[in-house]
Number of protein chains: 2
Amino acid sequence: MKNEMNPHQCQVVTALNTFVGKWKPIILLNLFVNGTLRFNELRKQIPDIKQRMLTLHLRELEEQDLIKRVVYAQVPPKVEYSLTEYGKTLGPLMNALHEWGENHLKHLETMKSPPLIKDPNS
Amino acid sequence: MKNEMNPHQCQVVTALNTFVGKWKPIILLNLFVNGTLRFNELRKQIPDIKQRMLTLHLRELEEQDLIKRVVYAQVPPKVEYSLTEYGKTLGPLMNALHEWGENHLKHLETMKSPPLIKDPNS
DNA sequence: TTACATAGTATCAAAAAAGGAACTATTAGG
DNA sequence: CCTAATAGTTCCTTTTTTGATACTATGTAA
């Protein structure tokens, strides 16, 4: 743990605020994994998301310079979303989260199921 | 980005869910930085938190095996909170978040203030 | 006996986030 | 003229999260 880390003016919170929420991490992950996706392709990838929520969060992520939005002048409309170069800097963080999460699932298993038979040597 | 990473059964979300929220990261950070703290010491470290929120989140973090709670049988009461060994495994993640957050603050600066004078060589 | 300190609970109110359903613009094709 | 496709927007409701304030238990010390 960084010793200059200060829980008040807090960069950890700054970081979290850019991509937490019910949908943002999933949207970002999909763009990491699939590259460029159209609006409806994202919807298919995230079946439970409502159109409204998808639009709102895409707009916010765009504001934050994490994703870019490219509109093609055609009908029916075509809009493509992808990570910006800056958005891609979240990659290592996503990996770290992924790994900790994976380990956490294992930890949950060991917590839920205590040994049925006590080890006689303990 | 991990190629086996799958936005559906998603470990990133699993990880985030264990410590996101308005107060949890700050509580954890304080325990990382200060080690063991009593209830009221935590309150002083986090001036804006309401007693209720502190209690609720401490209980949740304890449930999750991220922190431990030690009650001393004395009056007035004394209750100490600290990270569990498992809680300490969040350290590298906190550091990664801290670093990305720090960089993000710089990025925000460069976004907010576009050059007043265009570089004639660009 | 009264006040004090610590670590809480209990209740109700407010605010923030998310959900649901319906509606829109555009144009190509039949 | 009607329909279909895409990427939205509008309006309203529900759920979730926080906030605000007051109240409690208990032993010690004045």
Side-chain angles (χ1 to χ4, degrees), chain A residues 7-8 10 13-14 16-31 34-64 66-82, chain B residues 7-8 10 12-14 16-31 34-64 66-83:
Chain A
H8 304 294
C10 181
V13 172
T14 300
L16 287 172
N17 285 343
T18 63
F19 66 91
V20 296
K22 185 165 177 182
W23 300 114
K24 276 188 187 178
I26 300 182
I27 293 170
L28 290 170
L29 253 326
N30 269 284
L31 294 176
N34 300 299
T36 299
L37 289 173
R38 297 178 60 173
F39 186 82
N40 274 352
E41 289 173 331
L42 269 167
R43 282 225 289 174
K44 269 167 225 153
Q45 296 295 318
I46 312 174
D48 288 348
I49 201 171
K50 295 292 157 185
Q51 201 165 16
R52 181 167 169 274
M53 284 296 117
L54 184 53
T55 306
L56 285 176
H57 289 303
L58 286 170
R59 290 296 138 80
E60 272 196 53
L61 291 167
E62 194 193 357
E63 270 290 295
Q64 297 170 103
L66 293 175
I67 67 173
K68 59 171 171 284
R69 175 171 179 270
V70 178
V71 182
Y72 294 83
Q74 58 182 58
V75 170
K78 173 177 172 181
V79 180
E80 284 184 343
Y81 292 93
S82 57
Chain B
H8 304 294
C10 181
V12 172
V13 172
T14 300
L16 287 171
N17 286 343
T18 63
F19 66 92
V20 295
K22 185 165 179 183
W23 301 114
K24 276 189 186 177
I26 300 184
I27 293 169
L28 289 170
L29 253 325
N30 269 284
L31 295 177
N34 300 299
T36 298
L37 289 173
R38 296 177 60 174
F39 186 81
N40 274 353
E41 290 173 332
L42 269 167
R43 282 225 287 173
K44 269 167 225 153
Q45 297 294 318
I46 313 173
D48 288 348
I49 201 171
K50 295 292 156 188
Q51 202 166 17
R52 182 166 166 274
M53 284 297 115
L54 183 52
T55 306
L56 285 176
H57 290 304
L58 287 170
R59 291 295 139 78
E60 271 195 54
L61 291 168
E62 194 193 355
E63 270 290 295
Q64 296 171 109
L66 293 175
I67 68 175
K68 58 171 172 286
R69 176 171 178 270
V70 179
V71 183
Y72 294 83
Q74 56 182 61
V75 170
K78 173 176 170 182
V79 180
E80 285 184 343
Y81 292 93
S82 57
L83 294 164

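Nothing here was measured: the structure is a model prediction, and the numbers come from that model. Convention: sequence-line order gives letters A, B, ...; per-chain numbering from 1. Below, all heavy atoms of this structure are taken into account, side chains as well, without hydrogens, waters or symmetry copies.
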All N/O pairs under 3.5 Å across the protein-nucleotides 19-22 of chain C interface:
residue: C/dG19; atom: OP1; partner: A/Lys22; partner atom: NZ; Å: 2.7
residue: C/dG19; atom: OP2; partner: A/Trp23; partner atom: NE1; Å: 3.0
residue: C/dG19; atom: N7; partner: A/Arg52; partner atom: NH1; Å: 3.2
residue: C/dG19; atom: O6; partner: A/Arg52; partner atom: NH1; Å: 3.0
residue: C/dG20; atom: OP2; partner: A/Lys50; partner atom: NZ; Å: 3.0

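Atom-to-atom, NE2 of A/His57 to C1' of C/dA18 comes out at 8 Å; the value is rounded to the nearest Å. At whole-Å resolution of the value, CZ in B/Arg59 and C1' in C/dG8 are 7 Å apart. Whole-Å rounding puts the A/Lys78 NZ to C/dT27 P distance at 18 Å. Protein atom CD of B/Glu41 is 16 Å distant from nucleotide atom C1' of C/dG8, rounded to whole Å. Here C/dA17 presents its P atom at 11 Å from CG of A/Leu56, a figure rounded to the nearest Å.
B/Arg59 pairs by the side-chain hydrogen bond (donor to acceptor under 3.5 Å, both in side chains) definition with nothing, not counting sequence neighbours.
The distance from the NZ atom of B/Lys50 to the CZ atom of B/Arg43 is 9.0 Å, given to the nearest 0.5 Å. Annotation: the span from B/Leu42 atom CG to B/Gln51 atom CD amounts to 12.0 Å, rounded to 0.5 Å. Note that the CG atom of A/Asn34 and the OG atom of A/Ser82 stand 12.0 Å from one another [nearest 0.5 Å].
Taking each heavy atom of A/His57 and A/Ile27 in turn, the nearest pair found is CB-CD1, 3.7 Å. Taking each heavy atom of B/Gln45 and B/Leu37 in turn, the nearest pair found is CG-CD1, 4.2 Å. When all heavy atoms of B/Leu83 and B/Lys68 are compared, the pair lying nearest together is O-NZ, 3.4 Å. When all heavy atoms of A/Leu28 and A/Ile67 are compared, the closest pair comes out as CD2-CG2, 4.0 Å.
Note on the helix from C/dT1-D/dA30 to C/dG30-D/dC1: angle between the axes of the first and last five pairs equals 30°, rounded to 10 degrees.
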Contacts table for residues 19-26 of chain A: side-chain donor-acceptor under 3.5 angstrom, sequence neighbours left out:
residue: A/Lys24; atom: NZ; partner: A/Glu60; partner atom: OE1; Å: 2.9

Which donor-acceptor pairs under 3.5 Å do side chains of residues 69-79 of chain A form with protein atoms, sequence neighbours excluded?
residue: A/Arg69; atom: NE; partner: A/Tyr81; partner atom: OH; Å: 3.1
residue: A/Tyr72; atom: OH; partner: A/Glu80; partner atom: OE1; Å: 2.9

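Within the structure, a side-chain polar atom (N or O) of B/Tyr81 is placed less than 4.0 Å from OP1 or OP2 of C/dG8.
At the heavy-atom level, B/Arg43 lies nowhere under 4.0 Å from the strands shown.
You'll find the side chain of A/Leu66 stays beyond 4.5 Å of the side chain of A/Leu31, heavy atoms only.
Between A/Thr55 and A/Pro77, the residue anchored nearer the 5' end of DNA chain D, judged by the nucleotide with its closest heavy atom, is A/Pro77.
Counting 5' to 3', DNA chain D first comes under 4.0 angstrom of a heavy atom of chain A and last does so at the ends given by D/dA5 to D/dC11.
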